[in-house]
Amino acid sequence: MNQKIKMKTPIVEMDGDEMTRILWQWIKDILICPYVDLKTEYYDLGLKNRDATDDRVTVEAAEANKKYGVGVKCATITPNAQRVEEYNLKQMWKSPNGTIRRILDGTVFRAPILAKGILPYVPSWKQPIVLARHAYGDVYSGVETKTAKGDKAYLVVEDEKGEVKEKLLVHDFAKGSGIVQSMHNTDASITSFARSCFNYALDIKYPLWFATKDTISKKYDHRFKDIFNEIYETEYKEKFEKAGIEYMYTLIDDAVARIMRSEGGVLWACKNYDGDVMSDMVATAYGSLGMMTSVLVSPDGNYEFEAAHGTVTRHYYKYLKGEQTSTNSVATIFAWTGALAKRGELDNIPELTAFAKKLEKATVETIEEGKMTGDLVALFRMEGVQPVKLDSQGFLRAIAEKL
C-alpha cells in the first residue's frame, strides 16, 4: 500500500440517520480511509443526538463549516409527528438542512450523475438539468401556528421604534379553526442567490432559467423577479451574450412544461420549496434519487456537500433484522468526493482532488460494467451487458476493486 494522502485542514463531517448512517461508515472504511489520512471535525447529526443537545449540534456543525470552509453531510431525518413518537423526542425539531442553509446562506446546486446504460425516464433529456435551489428562508424558516374558531390572524410590521407600520388581516377564523403561517426572505439573500446562479451558469456555460409565481405572489415572488432582472441587466447581460448563453424568467408552471420537453443542458433556478420538490423530480427522472450531486455554495466561499435524498428507512429496518440490503450509495460517495476535491483545491493538495475524481470515475464505471444496486438494475439497458444486483457492501467493494 502506498503512503496515504495527507490532509492539512479538516472537513466538517456531519453524520446522519438510519441506513445512510450505516453506508456513511462503510464508505469511509472501504473507499476513503485506505487511501487518505482522513482529517475531519465530527458532528453527530443523528436524530437522537440532535434531541439530546436541543439541536445545538446542528448549529455548531454549521458554524464549524463556516470556520473551515468545507463540510460533508449525511442524510438526516426531519421529524414529523410519527417520528416524535418513535424516537420519544422532546419536540418536532426543524430540518437540519434548513438550519445549516440559514446559517451559511447559500445556494444549493444539484446535478444528475450520468452513467451509460441508466436511461432517463424522459427520452428527450440528453444532457444534465442542473437545479439551483435558493437555500434561505421561505417555509423553511416559517413561523406557523394553529388557530381557534373566532381568532383573527394579522401580518404586522413594526419599524425600529416598535411602531406599527402595517397591519394586514390574513384571515378571520369566525367560521372555524384553522392554521396560519408566515414566511420571509431578505434582499441580501436573494441578491447573493442571483449572483451565485449567474456565476454558475457562466462557469458551466448553460443557459439560466429562473421561475417563480409572481402573477399570484405579486410582492413576495415579484421581488425575486425584480432583483434577478436588475442584477442581470447591470452586471451579467454582456457576459452572457459573450458566452453565447441566455437568461430567461418565466412562471414556475411554464418552466416545468419547458423542462419536460427540453433536451437538458439547462441551469434551472428555483426558490427554496420549488427547488426542494423539483430536484427530487429531476433526479428520479434521470434514474434515481441516489444518483444526484448536491452542494451548498455560500457567497463567502463556504461549501457543504450532501446526499440529497432520504435516510432509506425501509432498508434500515431490514438491516437491523440482519437481512441483506441493496442500497444505492452513489450520492453519498459523491458528497464525500465533492468535499475531498474541494478541500484539495483550497489547500493546494492536487493528489487529494485527483483521488476524489478517480473515486467518482470508479463509481460510474462500476455501474457501466453492470455491477450495481437493486434500484438501478431495472433502469439499466446496455447491449451485451447483463446487470448484476449487488448488496450494499458488495457494491462498495466492487468500486474499491475498480479504484
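Computation of the quantities below employed the complete heavy-atom set of this structure, encompassing side-chain atoms and omitting hydrogens, waters and symmetry-equivalent molecules. Only a predicted model underlies this, so the values are computations on that prediction, with no experimental measurement involved.
- If you check the side chains of Ser298 and Asp105, you find no donor sitting under 3.5 Å from an acceptor.
- Side chain to side chain, Ser196 and Asn199 fail the donor-acceptor criterion of an N or O pair below 3.5 Å.
- Between the side chains of Thr20 and Thr311, no donor-acceptor pair is found at a separation under 3.5 Å.
- Taking a cutoff of 4.0 Å between a charged side-chain nitrogen and a carboxylate oxygen, Asp51 and Lys90 do not qualify as a salt bridge.
- At a threshold of 4.0 Å, the pair Asp55-Lys94 does not count as salt-bridged, since none of the basic side-chain nitrogens sits closer than that to a carboxylate oxygen.
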Checking side chain to side chain donor-acceptor pair (under 3.5 Å) for the pair Ser326/Thr373: CA distance, chi angles, key distance, verdict?
CA-CA 5 Å; Ser326 184; Thr373 49; 4.9 Å; no
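- When ring centroids are compared, Tyr220 and His184 stay outside the 6.0 Å threshold.
- Identified under the salt bridge (Lys or Arg N to Asp or Glu O under 4.0 Å) test for residues 229-241, with sequence neighbours left out: Arg195-Glu235, Glu233-Lys237.
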Salt bridge (Lys or Arg N to Asp or Glu O under 4.0 Å), that's the test. Do Asp214 and Lys225 meet it? Break it down for me.
CA-CA 8 Å; Asp214 68 291; Lys225 179 185 176 181; 3.6 Å; yes
So Lys6 and Asp37, salt bridge (Lys or Arg N to Asp or Glu O under 4.0 Å) or not? Walk me through it.
CA-CA 5 Å; Lys6 297 281 184 209; Asp37 190 5; 3.1 Å; yes
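- Side-chain rings of Phe240 and Tyr232 approach one another, their centers coming within less than 6.0 Å.
- A salt bridge does not link Lys48 to Glu18: none of the charged nitrogens lies less than 4.0 Å from a carboxylate oxygen.
- Screening Ile118, Val364, Thr363, Ile333 for a side chain to side chain contact (heavy atoms under 4.5 Å, CB included) with Ile113, the sole residue that qualifies is Val364.
- Tyr68 and Glu41 share a donor-acceptor pair across their side chains, judged by distance under 3.5 Å alone.
- The salt bridge (Lys or Arg N to Asp or Glu O under 4.0 Å) pairs that include a residue from residues 176-188 are Asp187-Arg223, where partners are two or more places apart or lie in different chains.
- Side-chain atoms of Glu306 and Ser294 form a donor-acceptor pair, as typed in the model, at a separation below 3.5 Å.
- In this structure, Phe193 has its ring center no closer than 6.0 Å to that of Tyr136.
- With salt bridges taken as basic N to acidic carboxylate O contacts below 4.0 Å, none links Arg50 and Asp44.
- Note on residues 340-354: pairs passing salt bridge (Lys or Arg N to Asp or Glu O under 4.0 Å), not counting sequence neighbours, are Lys342-Glu345, Arg343-Asp347.
- Judged as a side-chain hydrogen bond (donor to acceptor under 3.5 Å, both in side chains), and not counting sequence neighbours, the contacts of Thr212 are Tyr249.
- In this structure, Tyr273 and Tyr140 have tilted ring planes: the angle between them lies in the 30° to 60° band.
- With Ser141 as the fixed residue, the side chain to side chain contact (heavy atoms under 4.5 Å, CB included) test singles out one of Arg102, Arg101, Met183: Arg102.
- Salt-bridge check for Lys39 with Glu13: failed, with every basic side-chain N at 4.0 Å or more from each acidic carboxylate O.
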Verify ring-ring contact (aromatic ring centres under 6.0 Å, His included) between Tyr206 and Tyr200, making sure each step is shown before the conclusion.
CA-CA 8 Å; Tyr206 274 13; Tyr200 205 79; 9.1 Å; no
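- A donor atom on one side chain and an acceptor atom on the other are not found under 3.5 Å apart for Gln25 and Arg21.
- In summary, the side chains of Asp15 and Tyr42 do present a donor paired with an acceptor at a separation below 3.5 Å, with no hydrogens or angles considered.
- Under the 3.5 Å distance criterion, with hydrogens and angles disregarded, no donor-acceptor pair is assigned to the side chains of Thr99 and Thr58.
- Looking at Arg397 and Glu401, no side-chain N of the basic residue comes within less than 4.0 Å of a carboxylate O on the acidic one, giving no salt bridge.
- Applying the ring-ring contact (aromatic ring centres under 6.0 Å, His included) test to His222 and every residue at least two apart in sequence or in another chain returns nothing.
- Ring pair Trp26/Tyr319 is perpendicular by interplanar angle, where above 60° counts as perpendicular and below 30° as parallel.
- Side chains of Tyr247 and Asn229: no donor on one and acceptor on the other come within 3.5 Å.
- Legend: ring pair (Phe, Tyr, Trp, His ring centres under 6.0 Å) pairs involving residues 276-302, not counting sequence neighbours, sorted by first then second residue: Trp125-Tyr286.
- Judged purely by distance below 3.5 Å, without hydrogens or angles, the side chains of Ser95 and Asn97 never pair a donor atom with an acceptor atom.
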